[in-house]
Amino acid sequence: MLKLPIYLDNHSTTQVDPRVLDEMLPYFTEYYGNASSKSHEFGWKADAAVEIAREKVAALINCDLSELVFTSGTTESVNLAIKGVAESNASKGRHIITTNVEHKVVIETCKELERKGFSITYLNADKFGMVEPSVVSEAITDDTILVSVIFASNEVGSVNNVTDIGRVCREKNVLFHVDGAQAVGKIPVDVARMNIDLMSFSAHKMYGPKGVGALFVRKKRPWFKLNPQMGGGGQECGLRSGTLNVPGIVGFGRASELLRLEMAEKTPKIKALKDKLSEGIVSNLDDVYLNGHPEKRLPGNLNLSFKYIDSAGFMAAMKDVALSSGSACSSDTTEPSHVLKAIGLPDNLIRSSIRFGIGNFNTEEEIDYIIKKVVQTVNSLREESPAYAVSKKKSAEKEIN
Ligand SMILES: *Cc1c(COP(=O)(O)O)cnc(C)c1O
């Protein structure tokens, strides 16, 4: 039986895998010690669990245990990475390079540094929302200390060529930070092979709990200093003070382990559901446009613009399917998406853009239901659209002539 509403907003957050929850539960009620308590069994138990989780997260991205700092999530990790590098390297240079298709957290952090006297280059992404390594290379100056690039777009799903951007940074002796929130757990990520120096990511985007994440910080080659952004008890080698979120970290570890073991099996299934959804929509409707790169994209991301409709009306009519739209993508605001603007999408296609985010728990039955519902909804909204009526009339006249 199909259960409504259907969740198809897996770029915003994901369901906690029941196997993850099972592993977390004892750390709330039984092993509830503080991982920093060195004098008793409760503390030792919590500390051991954190270190096992650290091994599991490290194995997913191929780094050393000493290179992971647990945080409250990507937002905190990005702040620590960008401000931490800026502060500790300010005597070397004060120029930072990023792109105009980043998540708000990277843009806002860079703006804050701009007010403090750093100069920021916001590289223009191409029409797919990607940046070429050569474009990054040309922007690097003697004053550049850091490049920060989104790994996979949370809006249009395009996946950047991180390995080659990292190589360019390495050659020019510039640190390279990656916003990996959408990539880790969805596509293979190997920080060693991909020349990444810092990477931010969150557990809740990969079937783990909310409010926990990590910053990968390379320890060797290159060695660099990172200024902590929160002082206190000195946890996480002094890089992130504060009592560790033990149950959250245990869940993050289990989620990482499951994805490391199951990603190869899950990815083709998600991609098949995405392709089915895409074909089902495109073969039944005209004037539908794909946003983002046709191939180099996250397996579960489908971002479409439906000409002649308004996404607000669409979402209202699709109440039993949880989706996101480009016109109100940061959900609390009604600002049109800066990412869709940056890739040069005209206003009418921004206003009509919908993001479908497929995850591990979606089913074929749900996709069948959504295809039908989308086709019905778009057809009936277009019936009411004067612009659509005009375009229909024009194309009918063309056929007659
Ligand atoms: C979700 C997301 C963030 C923010 O993550 P939080 O867990 O909310 O801190 C940053 N960047 C990208 C690409 C994201 O998808």
Side-chain angles (χ1 to χ4, degrees), residues 7-16 20 57 61 69-83 98-112 122 125 128-131 148-160 162 165 177-187 189 196 198-216 229-230 240 242 245 248-249 251-252 255-256 259 291-293 296-303 322-326 329-333 337-340 342-343 355-359:
Y7 190 74
L8 213 71
D9 197 16
N10 285 283
H11 301 296
S12 292
T13 193
T14 57
Q15 181 196 320
V16 171
V20 168
V57 178
I61 63 165
V69 179
F70 285 122
T71 66
S72 62
T74 302
T75 298
E76 186 189 338
S77 297
V78 165
N79 273 269
L80 173 56
I82 298 182
K83 291 183 204 166
T98 187
T99 80
N100 61 353
V101 290
E102 298 299 308
H103 187 277
K104 277 275 154 66
V105 61
V106 171
I107 293 181
E108 288 306 313
T109 304
C110 287
K111 289 228 169 98
E112 192 181 331
Y122 300 90
F128 299 125
M130 298 161 72
V131 278
S148 183
V149 169
I150 191 163
F151 199 137
S153 170
N154 50 306
E155 293 200 34
V156 296
S158 302
V159 177
N160 267 309
V162 160
I165 298 174
H177 169 253
V178 168
D179 175 353
Q182 294 293 341
V184 178
K186 316 245 174 74
I187 54 176
V189 174
I196 296 169
L198 303 114
M199 182 172 72
S200 302
F201 53 116
S202 292
H204 74 99
K205 300 280 174 81
M206 44 182 267
Y207 314 100
K210 291 167 186 62
V212 60
L215 177 65
F216 156 73
Q229 301 298 306
M230 285 204 287
R240 202 277 190 176
N245 173 1
I249 291 168
F252 190 15
S256 300
L259 289 169
N291 300 314
H293 197 282
K296 294 174 189 164
R297 62 188 301 126
L298 291 170
N301 177 290
L302 182 65
N303 190 312
L323 295 166
S324 253
S325 78
C329 133
S330 2
S331 58
D332 297 339
T333 70
S337 151
H338 69 282
V339 174
L340 297 180
I343 64 175
R355 181 183 72 183
F356 302 87
I358 298 169

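Order of appearance sets the numbers: ligands from 1, and atoms from 1 within every ligand. We're numbering straight along the sequence, starting at 1.
A donor-acceptor distance shorter than 3.5 angstrom exists from the side chain of T98 to the backbone of S148, with no hydrogens or angles considered. No donor-acceptor pair closer than 3.5 Å links the side chain of S77 to the backbone N or O of F201.
Residue I150 has at least one heavy-atom neighbour below 4.0 Å for each of these atoms of ligand 1: 13 (C). Which parts of ligand 1 touch A181 is read off a 4.0 Å heavy-atom cut-off, strictly below it: atoms 2 (C), 11 (N), 12 (C), 13 (C), 14 (C), 15 (O).
With hydrogens left out, the protein atom closest to atom 9 (O) of ligand 1 is T75 OG1, 2.6 Å, a heavy atom. Atom 5 (O) of ligand 1 has as its closest protein heavy atom T74 CB, 3.3 Å.
Put simply, the side chain of K296 does not reach to within 4.5 Å of the side chain of N160, judged on heavy atoms. Looking at I358 and L302, their side chains never come closer than 4.5 Å, going by heavy atoms from C-beta outward. Looking at V106 and I150, their side chains never come closer than 4.5 Å, going by heavy atoms from C-beta outward. A 4.5 Å side-chain heavy-atom check between T109 and K83 finds at least one atom pair inside the cut-off. Side-chain contact check for E76 versus F70: every heavy-atom pair is 4.5 Å or farther apart.
At a 3.5 angstrom cut-off on N or O pairs, E76 does not count as close to ligand 1. Residue-to-ligand polar distances keep N154 apart from ligand 1: every N/O pair is separated by 3.5 Å or more. At under 3.5 Å, a nitrogen or oxygen of K205, whether backbone or side chain, sits near a nitrogen or oxygen of ligand 1.
Proximity of V78 to ligand 1, defined as any heavy-atom pair under 4.0 Å, is not found for any part of the residue. For D179, every heavy-atom contact with ligand 1 shorter than 4.0 Å involves the side chain, none the backbone.
Of the options G73, S202, A203, S153, the smallest heavy-atom separation from atom 6 (P) of ligand 1 is shown by S202.
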